[in-house]
Amino acid sequence: METEEGSDAACIPILKPTDESELEKQWRLYEAYNELHGLAQEFQTPFEAPAVLVVGHQTDGKSALVEALMGFQFNHVGGGTKTRRPITLHMKYDPLCELPRCRLVSNADADSDSTMFVAEEMSLLEIQAYIEAENLRLERDPCQFSTKEIIIKVEYKYCPNLTIIDTPGLIAPAPGPKNRALQSQARAVESLVRAKMQHKEFIILCLEDCSDWSNATTRRVVMQIDPELSRTVIVSTKLDTKIPQFARSSDVEVFLSPPACTLDGFILGDSPFFTSVPSGRVGSGPDSVYGTNDEFKQAISLREEEDVKSLEEKLGRSLSKQERSRIGVSKLRFFLEELLQKRYMDSVPSIIPLLEKEYRSTTRKLNEINQELSTLDAVKLKEKGRTFHDLFLTKLSLLLKGTVVAPPDKFGETLQDERTNGGAFVASDGVQFPHKLIPLGGRLLYILKRLLPISVYLLQKDGEYLSGHEVFLRRVAAAFNKFAESTERACREKCMEDLVSTTRYVTWSLHNKNRAGLRQFLDSFGGAEETTIGGNPLSAGLHHEGSVANERQYTKPRADVKLSHLASSADSTSSIQTTETRLADLLDSTLWNRRLAPSSERLVYALVQQIFHGIREYFLASAELKFNCFLLMPVVDKLPALLREDLESAFEDDLDNIFDITNLQHSLGLRKRDTEIELKRIKRLKEKFKQIHEQLSSLQVVLRPSMISSK
């Protein structure tokens with residue numbers, strides 16, 4: 001190891017590889033992990049490559065610290081939300097790269113054997129413009145943030161060999177209804193950051209902009225995912241602004257070495273790091289402070305030297321070696337690179353079986369796609385359709401019998417849910433029916449239609465669902481719903497015919513039992529009149545006609561007047577004659593009298609009540625029978641044949657559109673292409689990691705990261 005002349009606080013140590021082959025090994029290792037990270041991002045594979053995830057609140061200096069670690073500026077920094085998508089930086093040390101070489105990674109290139117993605121080379125200004133354009137686009141978007149990473153590959157003579165992910169800054173909005181928009185943003189950002197921290201392979205770089213360690217702003221969020229801080233590095237930013245705030249040396253001592261209980265865990269590195277990044281942007285404009293990135297990097301080194309000097313003045317003593325190892329961007333960069341390098345080396349053996357497993361899984365997926373492509377001919381598609389027809393009807397039959405149960409939490413409905421989801425039932429005049437008066441068959445049709453999604457769920461659960469053929473499945477659903485609607489309509493029409501025939505014409509036959517029933521009813525009614533009026537039914541209709549009191553008494557509801565309560569007819573001749581006399585007097589004083597008395601109204605009311613009671617009893621029994629015969633039974637004995645007839649007709653007339661063969665072939669072709677790309681890259685990565693593992697095992701070489709500093 002060689003170091004530049006001068007104070008080691010002002011300069012970053014230079015670690016030069018003693019062998020070109022050793023440097024090549026390092027590059028191959030970093031490239032392999034960079035590809036692994038990209039593979040996981042693009043194809044959502046189940047493994048993750050170690051990386052450094054930067055987490056902090058707005059204005060904590062996240063982006064500025066990332067730029068300082070890189071050795072050049074690339075992002076839009078400042079107050080407010082400047083990062084709306086995570087930015088992944090795959091940094092690679094290249095001693096021959098005098099200027100940063102940046103490539104923006106986009107969609108995969110199917111024909112490429114050397115790179116993981118299409119990596120378009122861009123200047124720093126173009127990278128900045130792209131990031132700012134994305135931020136502006138998302139600022140106008142309803143979601144405002146995106147979890148999809150912006151991936152940038154960087155090669156530079158001052159770059160560490162690191163993969164760093166810069167996340168959007170956490171927001172701490174003020175309470176109150178006026179800040180609801182900002183509060184919503186805060187929840188969205190925290191959700192995004194928490195999701196990124198869930199990846200166990202990531203080292204969390206937790207930034208805190210505070211001079212009191214008990215004020216845990218960012219740690220509060222981090223510890224929800226990493227309670228022991230076992231994979232968290234804590235960094236106190238903006239050290240140069242905090243040093244003047246300490247009045248006593250004891251305050252500085254506590255700040256540099258906080259008690260273990262204060263940080264609530266065992267953090268990586270045992271103690272926090274302290275950094276300062278000089279303000280000012282690189283450029284040629286009037287607002288620029290630094291003309292080149294070299295000047296920016298020299299300013300970082302000078303800032304580090306000044307921070308050490310200011311701390312020693314406050315403490316009244318020199319900093320120990322341990323304390324110096326935690327102060328400055330260069331020390332943090334060295335620690336992270338060494339830590340990540342160790343994670344890389346430790347993960348190599350475990351990555352290989354994961355890649356092997358994923359390779360087998362992807363191969364199986366490709367075989368399934370090829371198998372599905374091979375079955376896209378008329379004969380096999382028809383056979384698939386017929387098989388699904390039989391399976392669907394089997395599930396439907398089991399549901400009707402009640403021998404299978406769908407999960408209540410998924411398909412169960414309360415009465416209120418049924419009313420809400422069933423839609424409004426509107427009469428012919430456009431007026432919506434009250435819930436208690438929903439028309440005949442309406443609820444039954446809604447329940448019958450709900451059997452369709454439940455049957456589909458059961459098919460999916462048992463692995464019998466015809467996935468990938470949505471057009472065909474929609475055809476089956478449309479045929480089922482059409483059958484249900486037409487069957488319910490026909491059944492309801494039959495019921496309405498019964499209702500009309502029963503109510504349109506009412507007669508009392510003089511040649512059957514209705515005559516006796518009418519006689520008994522009128523005799524009972526007449527007897528009641530005699531009891532009430534004193535035995536003179538005629539006077540009841542004449543004398544008391546104008547009496548308000550008696551009218552109120554006579555118009556009292558007679559719910560107890562039923563055929564079951566009628567008196568029995570007399571057997572003797574004298575009884576019959578007496579009854580006939582009473583009936584004649586009653587009819588003469590009521591129905592055949594042009595003057596409408598209260599007793600007349602009550603008699604008509606009682607007659608109508610008896611008539612409609614009989615109609616109701618008859619119609620309910622008839623409707624129940626008809627809905628069983630003409631709605632439920634057709635689902636069992638008519639639906640299978642009708643559905644098969646509909647499918648066979650469709651097969652003969654328009655098979656291509658029923659199965660959407662053209663679009664299906666196109667979508668399967670795209671899936672096959674993507675799967676082949678994924679398989680090709682997994683295979684290449686698997687071979688790379690195998691070679692690396694073999695070299696490490698045979699040579700027992702422990703690689704150390706290379707750190708380069710400007711002169």
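We use all heavy atoms of the structure for the numbers below, so side chains are in, but hydrogens, waters and symmetry mates are not.
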side-chain contact (heavy atoms from CB on, under 4.5 Å) involving Glu134 - partner list, sequence neighbours excluded: Arg85, Tyr130, Arg137, Ile150

Does [Y] offer a backbone N or O that forms a donor-acceptor pair with the side chain of [X] under 3.5 Å?
| X | Y | answer |
| --- | --- | --- |
| Ser486 | Phe483 | yes |
| Asp226 | Met223 | no |
| Ser361 | Lys357 | no |
| Ser350 | Ser347 | yes |
| Ser191 | Arg187 | no |
| Glu126 | Ser123 | yes |

Identify, with sequence neighbours excluded, every residue that meets salt bridge (charged side-chain N to carboxylate O under 4.0 Å, His left out) alongside Glu488. Arg492

Check step by step if side-chain contact (heavy atoms from CB on, under 4.5 Å) holds for Leu205 and Val55. CA-CA 6 Å; Leu205 198 64; Val55 178; over 6 Å; no

Please test Thr362 against Leu366 for side-chain contact (heavy atoms from CB on, under 4.5 Å), starting from the C-alpha separation and ending with a verdict. CA-CA 6 Å; Thr362 308; Leu366 183 60; 5.7 Å; no

Going through the checks in order, is the side-chain contact (heavy atoms from CB on, under 4.5 Å) test met by Ser455 and Leu399? CA-CA 8 Å; Ser455 299; Leu399 282 173; 3.3 Å; yes

Separation of [Y] [atom2] from [X] [atom1] (nearest 0.5 Å):
| X | Y | atom1 | atom2 | answer |
| --- | --- | --- | --- | --- |
| Lys672 | Ile677 | NZ | CD1 | 12.5 Å |
| Lys395 | Leu452 | NZ | CG | 14.0 Å |
| Lys153 | Leu104 | NZ | CG | 12.0 Å |
| Ile204 | Met197 | CD1 | CE | 5.5 Å |
| Arg101 | Lys92 | CZ | NZ | 9.0 Å |
| Leu685 | Leu355 | CG | CG | 6.0 Å |

Would you check, one step at a time, whether the test side-chain contact (heavy atoms from CB on, under 4.5 Å) holds for Leu393 with Leu639? CA-CA 9 Å; Leu393 290 174; Leu639 176 62; 4.1 Å; yes

Nearest atoms (heavy-atom pairs only) where [X] meets [Y]:
| X | Y | result |
| --- | --- | --- |
| Phe145 | Ala188 | CD1-CB, 4.2 Å |
| Ile171 | Pro173 | O-CD, 3.3 Å |
| Pro168 | Val193 | O-CG2, 3.9 Å |
| Leu340 | Thr163 | CD2-N, 3.7 Å |
| Ile225 | Gln198 | CD1-NE2, 3.4 Å |
| Leu448 | Ala484 | CD2-CB, 3.7 Å |

Evaluate salt bridge (charged side-chain N to carboxylate O under 4.0 Å, His left out) for Glu678 paired with Lys365, printing each intermediate quantity in order. CA-CA 11 Å; Glu678 184 179 4; Lys365 189 193 309 180; 3.8 Å; yes

Ring centres under 6.0 angstrom apart (Tyr156, Phe72): yes

Side-chain touch [X]/[Y], heavy atoms, less than 4.5 angstrom:
| X | Y | answer |
| --- | --- | --- |
| Met70 | Val154 | yes |
| Arg84 | Val189 | no |
| Val54 | Leu207 | yes |
| Glu190 | Leu170 | yes |
| Leu632 | Val636 | no |
| Ile152 | Ile131 | yes |
| Glu149 | Ile87 | no |
| Lys680 | Lys683 | no |

Should the heavy atoms of other residues, nucleotides or ligands under 6.0 Å from NZ of Lys686 be counted, would the total exceed 12? yes

Tell me whether the count of non-hydrogen atoms from other residues, nucleotides or ligands lying under 6.0 Å of CD in Glu120 goes above 12. no

Looking at Asp166, Thr218, Thr167, which one forms a side-chain hydrogen bond (donor to acceptor under 3.5 Å, both in side chains) with Lys62? Asp166

Please determine whether a side-chain nitrogen of the Lys or Arg among Arg103 and Glu155 lies less than 4.0 Å from a carboxylate oxygen of the Asp or Glu. yes

